[in-house]
Structure formats: structure tokens, C-alpha cells
Amino acid sequence: QAPLVESGGGSVQAGESLTLSCAPAGFGIGRDNFGWFRQAPGKEREGVAGIDADNDAVYADSVKGRFTISRDFGKNIVTLQMNNLKPEDTAMYYCAVRFWTRRRPSSLNALDYSTWGRGTQVTVSS
């Protein structure tokens with residue numbers, strides 16, 4: 001089993017919403033930094049949103065005001081709420097974690113993360 005399991009992807013129309021979930025397998029979300037990334041066919045993986053131990057978040061300019069990353073300690077998941085989806089949001093979405101060793105700011109740099117899920121597909125049609 002992958003250490004992180006993403007869910008919630010699907011096919012929607014432009015303007016609709018989806019909520020992605022990232023569930024760690026065998027550990028709590030605790031103080032770790034989490035990030036959401038996406039990769040569309042033929043494109044490089046890009047950071048979408050990141051959250052740090054203080055729940056401070058960072059977002060890509062392309063999703064600011066539309067996407068929200070958050071932790072749900074009750075369910076032990078990290079979510080990505082995506083509103084007003086656009087066709088250009090179509091991609092495979094991945095969750096990643098940077099395990100706590102010391103306090104670090106949230107990040108959209110894939111190199112900052114050590115452990116990844118297998119992804120969930122989001123398709124937005126116009």
C-alpha cells in the first residue's frame with residue numbers, strides 16, 4: 001500500500017467543485033508539511049498548494065482564490081477543496097508529505113517532499 005492514498009478525483013464541468021483527500025497509511029498528519037501537486041500529460045509536475053505545521057498555506061498563482069488546502073485531524077486527512085474548476089485544471093493530482101524534523105515553511109517545491117501517493121485523476125470539461 002502506498003504511504004499516502006489520494007481520493008476524490010473525477011470528471012466535472014467547468015465551474016464545478018471537487019474535494020480531494022489525502023489519507024496517510026499508518027501515520028498521523030500531525031506536524032508534517034503536506035503538499036498537493038499535479039501533472040497534466042506532456043507537462044511537468046507543478047506544485048498546487050502546500051501547508052505547514054502551523055497550517056500556513058501557499059498556493060500557485062493559477063489556483064489562488066479557488067483552491068484551499070487544509071487538515072482534518074478528526075479524519076486524519078489533508079484535503080484540497082477545488083472550486084470554480086477550469087479545463088486547465090485537468091491533471092493527475094498527487095499528495096506528498098515532508099516529515100517533521102524541524103519547523104519549515106509550506107512549499108510548492110517537489111524536491112522538499114520525500115513521500116508521495118499514486119495520484120487521483122481530475123478532468124474538467126468546458
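Because the structure is a prediction, the values reported are computed rather than measured.
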side-chain contact (heavy atoms from CB on, under 4.5 Å), paired with Y93, selected from Q121, M82, Q39
M82
Check whether any side-chain heavy atom of E16 sits under 4.5 Å from a side-chain heavy atom of N84, and report yes or no.
no
Any side-chain heavy-atom pair from Y59 and T68 closer than 4.5 angstrom?
yes
Of all heavy-atom pairs between [X] and [Y], which one has the smallest distance, and what is that distance?
| X | Y | answer |
| --- | --- | --- |
| N83 | S17 | OD1-OG, 3.0 Å |
| A60 | G47 | CB-O, 3.4 Å |
| A40 | A91 | N-CB, 3.8 Å |

Enumerate the residue pairs fulfilling side-chain hydrogen bond (donor to acceptor under 3.5 Å, both in side chains) with a member in residues 18-30, sequence neighbours excluded, ordered by first and then second residue.
T19-Q81
Within the 3.5 Å criterion, strictly below it, is a donor on S106 or D56 matched to an acceptor on the partner's side chain?
no
In terms of side-chain heavy atoms, does T101 have a donor or acceptor partner in R104 at a distance below 3.5 Å?
yes
Could you work out, with ring-ring contact (aromatic ring centres under 6.0 Å, His included) as the rule, every residue matching F37, not counting sequence neighbours?
Y113, W116
Among pairs that include at least one residue of residues 34-103, which meet disulfide bond (SG atoms under 2.5 Å apart), considering only residues two or more places apart or in two chains?
C22-C95
K64/D61 salt bridge by N-O under 4.0 Å criterion
yes
What's the verdict on salt bridge (Lys or Arg N to Asp or Glu O under 4.0 Å) for E6 and R118, showing C-alpha distance, side-chain angles and the deciding distance?
CA-CA 7 Å; E6 302 95 335; R118 294 174 179 169; over 6 Å; no
Among all residues two or more places apart in sequence or in another chain, which pass the side chain to side chain contact (heavy atoms under 4.5 Å, CB included) test with A23?
I77
Decide side-chain contact (heavy atoms from CB on, under 4.5 Å) for F67 and V48; before the verdict, give the C-alpha distance in whole Å, the side-chain angles of both, and the deciding distance to 0.1 Å.
CA-CA 8 Å; F67 289 13; V48 174; 3.5 Å; yes
Just by distance, do the side chain of N76 and the backbone of F27 share a donor-acceptor pair under 3.5 Å?
yes
Which value, rounded to the nearest 0.5 Å, describes the distance between [X] atom [atom1] and [Y] atom [atom2]?
| X | Y | atom1 | atom2 | answer |
| --- | --- | --- | --- | --- |
| S126 | K86 | OG | NZ | 13.5 Å |
| T123 | M92 | OG1 | CE | 9.0 Å |
| R38 | T120 | CZ | OG1 | 14.0 Å |

Are [X] and [Y] connected in the hydrophobic side-chain network, where two residues link if heavy atoms are under 4.5 Å apart?
| X | Y | result |
| --- | --- | --- |
| Y94 | L85 | no |
| W36 | F99 | yes |
| V58 | V97 | no |
| F73 | I69 | yes |
| L80 | I29 | yes |

Checking side-chain contact (heavy atoms from CB on, under 4.5 Å) for the pair D112/N33: CA distance, chi angles, key distance, verdict?
CA-CA 9 Å; D112 289 336; N33 285 21; over 6 Å; no
Just wondering, more than 12 heavy atoms not from E44 lying within 6.0 Å of its CD?
no
Is the NZ or CZ atom of R71 positioned over F34's six-membered ring, under 6.0 angstrom from the centre and within 45° of the axis?
no
For V5, the hydrophobic cluster (side chain heavy atoms closer than 4.5 Å, chained through members) also holds none
Side chain to side chain donor-acceptor pair (under 3.5 Å) with S70: which residues, sequence neighbours excluded?
T79
Check step by step if salt bridge (Lys or Arg N to Asp or Glu O under 4.0 Å) holds for R31 and D54.
CA-CA 8 Å; R31 299 180 296 174; D54 295 321; over 6 Å; no
